[in-house]
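Before any comments, here is the structure.
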Amino acid sequence: MNIAIIFAGGTGQRMNTKTKPKQFLELYGKPIIIYTLEKFQEHEQIDGIIVVCVKEWIGYCESLISKFGITKVKLVTPGGETGMMSRYNGIMKAAELFPEDTICLMHDGVRPLIDHDTISKNIESVKKTGTAVTVSPAIETIAVIETDNKVGQIIDRKKCQMAKAPQSFRLTDLVKAHQKAVDEGMLDCIDTAYLMQMNGYDIYTVEGSPENIKITTPTDFYLFRALVDARENSQIFGV
């Protein structure tokens, strides 16, 4: 069984929006979170979806899921005080609903340009290796900054990749690692792959599209709109 755990817990502070969390901002009458959910809804290998949402917006999220016919969503559950605790909440709810060998694709609700092939490759990687982290090539030089703004090591970008989402693992492994972190008081780990690596798992990469952006700032939203327009135009003109 394969499921997606979609995180829609942000409040949109870097988006400068005072009305809605960023995942509910609309493009052409459709919220960002729905663009994301549709990609997993339409994938033939995805059996179920759990959405982790800002508590105060759960009712609104559920109404959108119903309106847009996202039938694979099994539960909308509240997030936590940190990203780490939101992941913990989602994983523990998944453990109540699905078998322990379920493949879980952990994905951001504000990464709406995830594509079918990347979802498929994540599932296949977990089947073969137990892990999968979506990456794209680093296109900028990476520099380590030391004290007083001094540049330390400059890393060859050919050796670097940008870690994105989905980040995918077996449910039983996610439960063990996240429960251990909570028991040890490590409540602010920002990345699933990092936590799993700290627990001794070898992390294997899946190359995804550079267009798989996370919408965090207004600039990201404008880029999202441009990419959606470009895809629509290519279909119209048969490019």
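Since this is a predicted model, take the numbers as computed values, not measurements. Heads up: numbering here begins at 1 and tracks the sequence.
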Pairwise side chain to side chain donor-acceptor pair (under 3.5 Å) hits with a residue in [range], at least two apart:
range	value
residues 79-95	Arg87-Thr192, Tyr88-Gln179
residues 130-152	Asn122-Thr134, Ser136-Lys164
residues 66-79	Gln41-Thr71

How are the rings of Phe24 and Trp57 set relative to one another: parallel (under 30°), tilted (30 to 60°) or perpendicular (over 60°)?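 Answer is parallel, since the angle falls under 30°.
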
Tell me every residue that passes side-chain hydrogen bond (donor to acceptor under 3.5 Å, both in side chains) with Gln153, counting only those two or more places apart in sequence or in another chain.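 Gln153 satisfies side-chain hydrogen bond (donor to acceptor under 3.5 Å, both in side chains) with no residue once adjacent residues are dropped.
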
Which residues pass the side-chain hydrogen bond (donor to acceptor under 3.5 Å, both in side chains) test with Asn212, not counting sequence neighbours?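 Testing Asn212 for side-chain hydrogen bond (donor to acceptor under 3.5 Å, both in side chains), a comparison that skips the adjacent residues, returns none.
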
Checking Lys39 now: which residues fulfil salt bridge (Lys or Arg N to Asp or Glu O under 4.0 Å) with it, not counting sequence neighbours?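 Expected list: none.
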
Hydrogens and angles aside, do Ser120 and Asp117 bring a side-chain donor and acceptor to less than 3.5 Å of each other?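 There is no such pair (donor and acceptor under 3.5 Å, judged by atom type) between the side chains of Ser120 and Asp117.
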
Evaluate the side chain to side chain contact (heavy atoms under 4.5 Å, CB included) criterion for residues Glu26 and Lys20: first the C-alpha distance (whole Å), next the side-chain angles of each, then the deciding distance (0.1 Å), finally the verdict. CA-CA 10 Å; Glu26 295 186 4; Lys20 291 181 180 179; 3.9 Å; yes

Is any side-chain heavy atom of [X] less than 4.5 Å from a side-chain heavy atom of [Y]?
X	Y	result
Ile91	Ile5	yes
Arg225	Tyr28	yes
Ser209	Leu113	no
Glu100	Val175	no

So does Met92 have more than 12 non-hydrogen atoms from other groups sitting under 6.0 Å from CE?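 Correct, the count exceeds 12.
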
Look at atom CD1 of Ile139 and say whether more than 12 heavy atoms of other residues, nucleotides or ligands are closer to it than 6.0 Å.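 No - once you tally the heavy atoms of other residues, nucleotides and ligands closer than 6.0 Å, there are 12 at most.
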
Could you go through the side chain to side chain contact (heavy atoms under 4.5 Å, CB included) check for Ile203 and Met196 one step at a time? CA-CA 8 Å; Ile203 308 299; Met196 299 302 285; 4.0 Å; yes

Lys/Arg-Asp/Glu bridge criterion (N-O < 4.0 Å) met for Lys121, Glu124: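 No salt bridge links Lys121 with Glu124.
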
